[in-house]
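Read the structure below first, then the notes.
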Amino acid sequence: MSSKTILITGGAGFIGSHLADTLISEGARVIVVDNLVTGSMKNIEHLLDNPNFKFIEHNISEKLHIEEDLDWVMHFASPASPIDFQKLAIPILKVGSLGTHNALGIAKEKKASFFLASTSEVYGDPLVHPQPETYWGNVNPIGPRGVYDESKRFAESITMAYHREHDIDVRIIRIFNTYGPRMRADDGRVVCNFINQALKGQDLTVYGEGKQSRSFQYVTDLVDGIVKLMDVKYHLPVNLGNPYEFTVYELAEKVLAMTKSKSNIAYEPLPEDDPKRRRPDITRAVELLNWEPKIAVEEGLEKTVKYFAEKLELEVV
Ligand code: UDP
């Protein structure tokens, strides 16, 4: 990675900031572009004095001119939590469409490679299980999740068009549920909700009966897969996720046990179009990258509980 200059949109966000850390530690120069709508300066403040780091506050849905030469444009900007899908519906649609177009435009001008952070949401409420990259998905385009799902489907589409039409060297990953430090406490996603509720002694809000399943990947495993894919010239989508699948109810039990919390479970209505099952088929990533997730859910949850516990202590002080 040394001597490479890499632009990361959304680099002040949860995943983008972990990626920035890793790339800098491997010797790259990193330019982060973020409008801080869901990202936070707290995630990158430790990098601000690093001569290999630069921060530009900007919404990538608007045009951006970069002076420096670039080797990579990595497009990670987007609100990504189901609660954002309602609050930030139009910004999400814009960053997946206009933002991806602008980011691709920068890559084209700089003759840089382009890396798209896509999502398992392109599979919608999947009718095929587990989900291989060859599955086209089951998305409701006009439902509440459609703003995110369709913006990412469009993002994949325009990325492949730029690859075919302009010969841009592209990568596309489909990220499955990922968790870890630097998620927002009020992000609304299940791992941070349950941990924060358990730590505060509040009821854990299980939606529906909690029988829906997910497969949760710790953030460092994801970053490891991303960095490996940068070195492999493969242009079709690659799933990155942890295939270990369990139900939302089981997750609640794990969090309660780990935090030794006395919280109860409160059942709330299942959100519209909430996928019933989700598990990545990671055969492609395993074969292509010799990658697989290493962090067991207990270990990852422990690190995440520690992170949120420290944050809460700071808030109390
Ligand atoms: N969920 C829940 N309680 C919460 C938040 C989420 O039961 O407080 C459920 C949600 O209905 C979904 C799963 O947990 O079935 C994962 O939700 P999340 O928002 O983390 O991400 P998604 O996989 O839906 O994008």
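Note that ligands are numbered from 1 as they come in the structure, with each ligand's atoms numbered from 1 the same way.
Summarising the geometry of F85 relative to V147, their closest heavy-atom pair is O-CG2, 3.6 Å, with the distance given to 0.1 Å.
Residue R145 approaches ligand 1 through these ligand atoms, each under 4.0 Å from one of its heavy atoms: 22 (P), 24 (O), 25 (O). Numbered from 1 in the order shown, with element, the atoms of ligand 1 that lie under 4.0 Å from a heavy atom of E121 read 25 (O). Proximity to P271 (heavy-atom distance under 4.0 Å) selects the following atoms of ligand 1: 11 (O). The distance from ligand 1 to the heavy atoms of N177 drops below 4.0 Å at these ligand atoms: 21 (O), 22 (P), 23 (O). If you number the atoms of ligand 1 from 1 as listed, the ones under 4.0 Å from a heavy atom of G188 come out as 5 (C). Of all atoms in ligand 1, numbered sequentially from 1 with element shown, those under 4.0 Å from a heavy atom of N193 are 4 (C), 5 (C), 8 (O). Counting the atoms of ligand 1 from 1 in the order shown, those under 4.0 Å from a heavy atom of V206 are 7 (O).
Among V190, T247, D274, D273, the residue whose heavy atom sits closest to atom 10 (C) of ligand 1 is D274. Considering Y249, F216, Y207 only, the shortest heavy-atom separation from atom 7 (O) of ligand 1 involves Y207. The option with the heavy atom closest to atom 19 (O) of ligand 1, from among S213, P269, P82, is P82.
No salt bridge links K254 with E250; every basic N to acidic carboxylate O contact stays at or beyond 4.0 Å. Salt bridge present: D169 and R171 bring a charged side-chain N and a carboxylate O closer than 4.0 Å. Remark: R174 does not engage E133 in a salt bridge, criterion side-chain N to carboxylate O under 4.0 Å. At a threshold of 4.0 Å, the pair D69-K4 does not count as salt-bridged, since none of the basic side-chain nitrogens sits closer than that to a carboxylate oxygen. Between E68 and R29 there is a salt bridge, since at least one side-chain N of the basic residue sits less than 4.0 Å from a carboxylate O of the acidic one.
Distances shorter than 4.0 angstrom occur between a heavy atom of R278 and an atom of ligand 1.
Here the side chain of R284 pairs a donor or acceptor atom with the backbone of P237 at under 3.5 angstrom.
One side chain, Q197 or T205, offers a donor N or O that lies under 3.5 Å from an acceptor on the other.
If you look at V248 next to ligand 1, the close heavy atoms, those under 4.0 Å, all belong to the side chain. By the criterion of a heavy-atom distance under 4.0 Å, the side chain of R214, and not its backbone, is placed next to ligand 1. Contacts between Q212 and ligand 1 below 4.0 angstrom, taking non-hydrogen atoms only, involve the side chain exclusively.
In this structure, the ring of F246 has its center less than 6.0 angstrom from the ring center of F216. For Y162 and F114, the ring centers sit 6.0 Å or farther from each other.
Taking atom 3 (N) of ligand 1 as the reference point, the nearest protein heavy-atom neighbour is T205 O, 2.5 Å.
For ligand 1, the polar-atom distance check finds no N/O of V191 at less than 3.5 Å from any of the ligand's N/O atoms.
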